[in-house]
Number of protein chains: 2
Amino acid sequence: MTDKKEKILSAALELFANDGFNATSTSKIAQKAGVSEGLIFRHFDNKKGLLNAIMGEAESRLMELFTPMMQEENPKKIIEMYIEMPFSVDESQRSFWKLQFMLKWQEEYYNPDKLKPFLDKIAIAFKELGFKKPELEAKHLEQVIESLSISILREGKEGKEAFKEFLLEKYNV
Amino acid sequence: MTDKKEKILSAALELFANDGFNATSTSKIAQKAGVSEGLIFRHFDNKKGLLNAIMGEAESRLMELFTPMMQEENPKKIIEMYIEMPFSVDESQRSFWKLQFMLKWQEEYYNPDKLKPFLDKIAIAFKELGFKKPELEAKHLEQVIESLSISILREGKEGKEAFKEFLLEKYNV
DNA sequence: TATATTTGTAAGTGATTACTCACTATTTGG
DNA sequence: CCAAATAGTGAGTAATCACTTACAAATATA
């Protein structure tokens with residue numbers, strides 16, 4: 001991967017996440033990346049291909065986030081790590097996850113199967129803790145964490161700690 | 001409001017909700033509405049003004065949705081009505097609410113204050129039911145209902161009933 | 001009925017779009 | 001060290017964009 005190709009990718013990521021895919025022109029991307037517009041099309045088939053290249057990183061970044069939780073055995077610790085996950089996302093990856101959530105509305109990029117193994121892990125944890133309906137309990141917590149993640153991506157972490165403590169207390173972890 | 005103006009509004013709503021604001025051209029709107037493109041600009045200042053006209057209906061539609069819940073006094077019934085709300089949205093209003101959620105990512109159209117009175121009503125209900133932290137409990141349920149609403153708007157109501165029953169049982173309403 | 005206002009159309013406008021092409025600079029492999 | 005491949009540029013391209021203008025049809029008001 002050449003230096004300028006990386007510059008194109010990161011410029012595109014920021015602009016897509018801030019302004020949206022369609023509102024971002026290839027000329028703006030080239031300008032922000034400090035390259036000629038033509039170079040974008042030497043490295044990527046078209047504008048959509050540039051987006052696909054960015055979105056293609058989703059799986060590895062998901063793994064990065066979830067690996068610690070997947071390796072944990074203690075069910076209470078698993079729930080705790082999941083609740084703290086939205087707060088553990090690095091500032092430098094904010095644009096990436098924002099774009100991820102924005103594009104969920106386009107069915108092309110909406111793939112709930114990717115999260116399935118993590119949801120299963122949480123369901124097992126709930127089962128071990130004696131919850132009556134562990135799968136629904138996992139789905140329930142997933143929805144809370146998703147909403148919380150979105151609001152953190154939109155407004156920042158400030159003032160959300162109280163809610164995190166509330167959740168940890170509610171699940172007694 | 002003339003007939004063709006209404007046609008423009010509903011054509012724009014559907015296209016904005018399906019393809020996004022920037023991906024929808026005024027010529028496509030005119031084509032779908034069966035009018036000349038120029039008529040759009042006689043009735044609205046510009047394309048953004050057309051979107052604003054659609055978004056301007058948000059308050060009255062929110063009232064429509066929440067009024068029954070706001071008039072209820074029984075706290076258990078209040079929680080129940082809130083949980084059932086995502087399932088009570090008419091099919092004909094799906095595009096409208098989808099657009100509402102999509103545009104939450106654009107700060108211009110993100111206004112959490114509008115939901116404040118409804119959140120307060122739920123917090124009061126939780127307080128009456130003896131919950132320790134009624135405000136956080138209300139925020140918690142709000143996040144679940146928001147995630148649930150989004151998934152229903154994206155995938156439909158099918159297969160979500162079990163989760164609704166799970167929630168009603170969890171809150172004993 | 002006469003006139004003024006509103007509703008509507010069709011054919012434009014310049015600007016911007018995603019993308020291509022001809023060309024040069026740089027890097028790589030035998 | 002030379003040739004082939006790759007990286008990079010800048011000036012194009014046709015198509016599409018949001019929007020305007022000149023004019024006609026319909027409607028309201030007097």
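So you know, we letter chains A, B, ... as the sequences are listed, proteins then strands, and number each from 1.
- Here the shortest heavy-atom pairing between A/Met81 and A/Met69 reads CE-N, 3.7 Å.
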Under 3.5 Å, side-chain donor or acceptor atoms of residues 26-33 of chain A against the rest of the protein: list the pairs with distances, not counting sequence neighbours.
unit_1, atom_1, unit_2, atom_2, d
A/Thr26, OG1, A/Glu37, OE2, 2.7
A/Ser27, OG, A/Ser25, OG, 3.2
A/Lys28, NZ, A/Ala23, O, 3.0
A/Lys32, NZ, A/Glu14, OE1, 3.2

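- Partners of B/Glu6 by side-chain contact (heavy atoms from CB on, under 4.5 Å), not counting sequence neighbours, listed by chain and number: B/Met1.
- Residues from residues 47-55 of chain B with heavy atoms under 4.0 angstrom of DNA chain D, sorted by number: B/Lys47.
- Within the structure, the ring-ring contact (aromatic ring centres under 6.0 Å, His included) test picks out the following pairs touching residues 1-41 of chain B (sequence neighbours left out): B/Phe16-B/Phe21.
- With sequence neighbours left out, A/Tyr82 forms a ring-ring contact (aromatic ring centres under 6.0 Å, His included) with no residue at all.
- Residues from residues 6-36 of chain B that place a heavy atom under 4.0 Å from any atom of DNA chain C, listed by number: B/Val35, B/Ser36.
- A/Ser36 pairs by the side-chain contact (heavy atoms from CB on, under 4.5 Å) definition with A/Leu39, not counting sequence neighbours.
- With sequence neighbours left out, the salt bridge (charged side-chain N to carboxylate O under 4.0 Å, His left out) criterion links A/Arg61 to A/Glu57.
- Of the residues in residues 37-46 of chain B, those with a non-hydrogen atom less than 4.0 angstrom from any atom of DNA chain C are B/Gly38, B/Leu39, B/Arg42, B/His43.
- Residues B/Leu115 and B/Leu62 form a side-chain contact, since some pair of their non-hydrogen atoms from C-beta on lies under 4.5 Å apart.
- For residues 94-123 of chain A, the pairs satisfying ring-ring contact (aromatic ring centres under 6.0 Å, His included) are A/Phe66-A/Phe118, with sequence neighbours left out.
- In the 5' to 3' direction, nucleotides of DNA chain C lying under 4.0 Å from heavy atoms of chain A begin and end at C/dT17 to C/dA22.
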Would you mind writing out the side-chain donor-acceptor pairs for residues 160-173 of chain B within the sub-3.5 Å range, not counting sequence neighbours?
unit_1, atom_1, unit_2, atom_2, d
B/Lys160, NZ, B/Glu155, OE1, 3.0
B/Lys170, NZ, A/Glu137, OE2, 2.7

